[in-house]
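Working notes, structure below.
What's counted below: heavy atoms across the whole structure, side chains too, no hydrogens, waters or symmetry copies.
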Protein chains: 2
Amino acid sequence: MSKKKGDKKAKSGKKKDLEGLSAADLAPAITQAARSMRTVLSRSLGESGLYAGQDGVILMLAEEDGLTPGQLAMRLGVKAPTMTRTIGRMEAQGFLERRPDGTDGRLTKVHLTETGLKSVEQIGRTVADCGSLAAKGLSDKEVRTLLKLLKTIEHNLQPALADD
Amino acid sequence: MSKKKGDKKAKSGKKKDLEGLSAADLAPAITQAARSMRTVLSRSLGESGLYAGQDGVILMLAEEDGLTPGQLAMRLGVKAPTMTRTIGRMEAQGFLERRPDGTDGRLTKVHLTETGLKSVEQIGRTVADCGSLAAKGLSDKEVRTLLKLLKTIEHNLQPALADD
DNA sequence: AAGTTTAAATAAACAATTTAATTCCGTACG
DNA sequence: CGTACGGAATTAAATTGTTTATTTAAACTT
């Protein structure tokens with residue numbers, strides 16, 4: 001009369017003990033999973049000299065160099081000021097470089113440096129390895145299902161994230 | 001020779017365009033979903049006067065009052081220093097209170113104040129609502145699947161999180 | 001052509017998190 | 001006893017992340 005674990009109906013005990021769980025538990029669950037992921041990723045990333053959050057910038061620029069801070073922020077799902085500061089640090093660390101646009105004076109373009117380029121491969125591997133570790137024991141289909149559900153969640157949340 | 005989008009096999013176009021996705025995309029996907037969730041939750045929580053991350057402490061203490069910082073950190077999947085700081089702020093905000101243990105001088109016990117207790121219900125509703133918003137359009141079964149997969153991920157990551 | 005509005009980048013302030021290092025208390029051991 | 005070890009909490013330093021406000025340049029309106 002205390003734990004409040006599986007005393008809803010104990011319907012059939014079919015799978016695990018997910019009986020009483022519902023959407024109300026979503027926020028804590030995803031928060032915690034992301035925290036773990038971030039910590040593990042961060043530790044691995046440390047060997048490359050960068051922090052969790054910076055990896056996306058490198059990988060995005062590897063796909064398309066010369067993006068603006070605003071574009072990077074948008075694509076990485078982060079607010080502009082966050083990107084500005086992260087770019088600043090990464091520039092100081094020598095991974096990338098800021099250059100004015102030339103035609104539009106408001107724009108800044110971000111380019112990978114030689115150092116940044118050389119790190120791309122390892123970063124990509126680290127991120128992928130972290131994902132594989134997390135997905136251990138899951139089938140490809142389950143992983144795709146998870147990705148699809150996460151995408152749905154984000155799609156649902158997007159309207160609530162629009163800037164006033 | 002450039003986009004690397006859906007040119008794996010283009011098997012059958014069965015569902016969506018999840019063709020080329022795999023575990024390698026897991027880390028970014030969960031990171032971004034969690035970021036969105038955190039922002040939305042944080043904005044709603046703001047009306048109660050607290051920030052994302054503090055809600056768990058309130059809810060946990062509502063379930064079991066008088067936990068130590070270490071226990072709270074453990075149960076909320078956070079490191080001890082994080083909890084110390086969060087508790088400090090929440091104490092200053094008047095939501096909780098620190099009391100020495102009495103029998104063991106090393107321990108500190110954390111108790112909800114009257115204000116904290118009064119906020120429990122609203123916090124719980126806010127967190128649940130945020131989850132419901134995120135899960136809009138998903139069936140109960142899909143939500144349970146998602147929770148199960150998230151739990152698996154965290155289980156997989158746990159060993160890598162053990163303190164050296 | 002001049003003034004207003006929008007858009008992009010940045011600056012400042014507040015929080016969460018982590019790792020590494022400190023302090024304090026209790027217990028075990030010599 | 002007194003000293004060494006271990007655990008719990010805290011402090012310090014670094015970074016991402018958000019919100020709010022400021023600057024600067026382009027675009028649009030009279």
Side-chain angles (χ1 to χ4, degrees), chain A residues 31-32 34-47 49-57 67-74 76-93 95 98-110 160-164, chain B residues 31-32 34-47 49-57 67-74 76-93 95 98-110 160-164:
Chain A
T31 298
Q32 204 151 332
R35 218 163 10 210
S36 301
M37 184 81 89
R38 180 194 177 87
T39 299
V40 170
L41 181 58
S42 188
R43 290 185 186 173
S44 303
L45 244 28
E47 299 169 4
L50 30 83
Y51 301 79
Q54 302 185 331
D55 55 304
V57 181
L67 292 169
T68 69
Q71 290 173 320
L72 281 166
M74 173 92 74
L76 293 173
V78 151
K79 297 291 183 296
T82 306
M83 194 45 64
T84 292
R85 212 184 26 190
T86 296
I87 287 172
R89 299 210 196 260
M90 292 179 76
E91 187 171 29
Q93 290 171 312
F95 288 103
R98 265 187 267 226
R99 290 187 219 152
D101 176 84
T103 83
D104 191 332
R106 295 170 299 183
L107 298 180
T108 301
K109 296 213 167 182
V110 185
L161 258 77
D163 295 342
D164 328 338
Chain B
T31 297
Q32 204 152 333
R35 230 177 343 224
S36 301
M37 183 81 88
R38 179 197 177 84
T39 299
V40 170
L41 182 59
S42 189
R43 290 184 185 174
S44 302
L45 243 29
E47 299 168 5
L50 31 83
Y51 302 80
Q54 303 184 330
D55 55 303
V57 180
L67 292 170
T68 68
Q71 290 174 320
L72 281 166
M74 174 90 76
L76 293 173
V78 150
K79 296 291 183 295
T82 306
M83 196 42 65
T84 292
R85 276 192 110 170
T86 297
I87 288 173
R89 297 202 203 263
M90 292 179 76
E91 187 170 30
Q93 291 171 310
F95 288 103
R98 265 185 265 227
R99 290 187 219 150
D101 177 83
T103 82
D104 190 333
R106 295 170 296 183
L107 299 180
T108 300
K109 296 213 169 182
V110 184
L161 259 74
D163 295 341
D164 325 339

Straight-line distance of A:Leu161 CG to B:Thr39 OG1, nearest 0.5 Å = 5.5 Å
In Å and rounded to the nearest 0.5 Å, what is the CG to OG1 distance from A:Leu50 to A:Thr86?
-> 11.0 Å
Side-chain N or O of [X] versus OP1/OP2 of [N]: is the shortest distance under 4.0 Å?
X       : N      : answer
B:Thr82 : C:dT17 : no
B:Gln54 : C:dA16 : yes
A:Arg43 : C:dT19 : yes
A:Arg98 : C:dA9  : no

A:Arg35 has its side chain closest, among D:dT16, D:dA26, C:dT18, to C:dT18
Taking side-chain contact (heavy atoms from CB on, under 4.5 Å) as the test, write out the residues that go with B:Ser44, two or more places apart.
-> B:Thr126
Please give, in whole Å, the distance from [N] [atom2] to [X] [atom1]?
X        : N      : atom1 : atom2 : answer
A:Leu161 : D:dT18 : CG    : P     : 8 Å
A:Lys79  : D:dT15 : NZ    : P     : 22 Å
A:Glu91  : C:dA9  : CD    : P     : 14 Å
A:Gln32  : C:dA16 : CD    : P     : 16 Å
A:Leu76  : D:dT18 : CG    : P     : 11 Å
A:Leu45  : C:dT18 : CG    : C1'   : 14 Å
B:Ile87  : C:dA15 : CD1   : P     : 16 Å
A:Tyr51  : D:dT15 : OH    : C1'   : 7 Å

With a 4.0 Å cut-off on heavy atoms, is A:Thr84 in touch with a base, just the backbone sugar-phosphate, or nothing at all?
-> base
Any pair counted as salt bridge (Lys or Arg N to Asp or Glu O under 4.0 Å), so long as it reaches residues 101-110 of chain A, sequence neighbours left out = A:Asp101-A:Lys109, A:Asp104-A:Arg106
Taking the side chain as every heavy atom from C-beta outward, state whether B:Gln93 and B:Met90 have any atom pair closer than 4.5 Å.
-> yes
Looking at side-chain heavy atoms only, is the closest gap between A:Thr108 and A:Ile87 below 4.5 Å?
-> no
Test item: A:Arg43 side-chain N/O and B:Ala160 main-chain N/O as donor-acceptor pair under 3.5 Å = yes
Note: for B:Asp104 and A:Gln71 on DNA chain C, the residue whose nearest nucleotide lies more 5' is A:Gln71
Using a cut-off of 4.0 Å between protein heavy atoms and nucleotide atoms, how would you tag nucleotides 2-8 of chain C 5' to 3' with B, S and -?
-> -----BS
Earlier contact from the 5' end, DNA chain D, for A:Pro81 and A:Arg38 = A:Arg38
Does the base of D:dG17 carry an N or O that pairs as donor and acceptor with the side chain of A:Arg85 under 3.5 Å?
-> yes
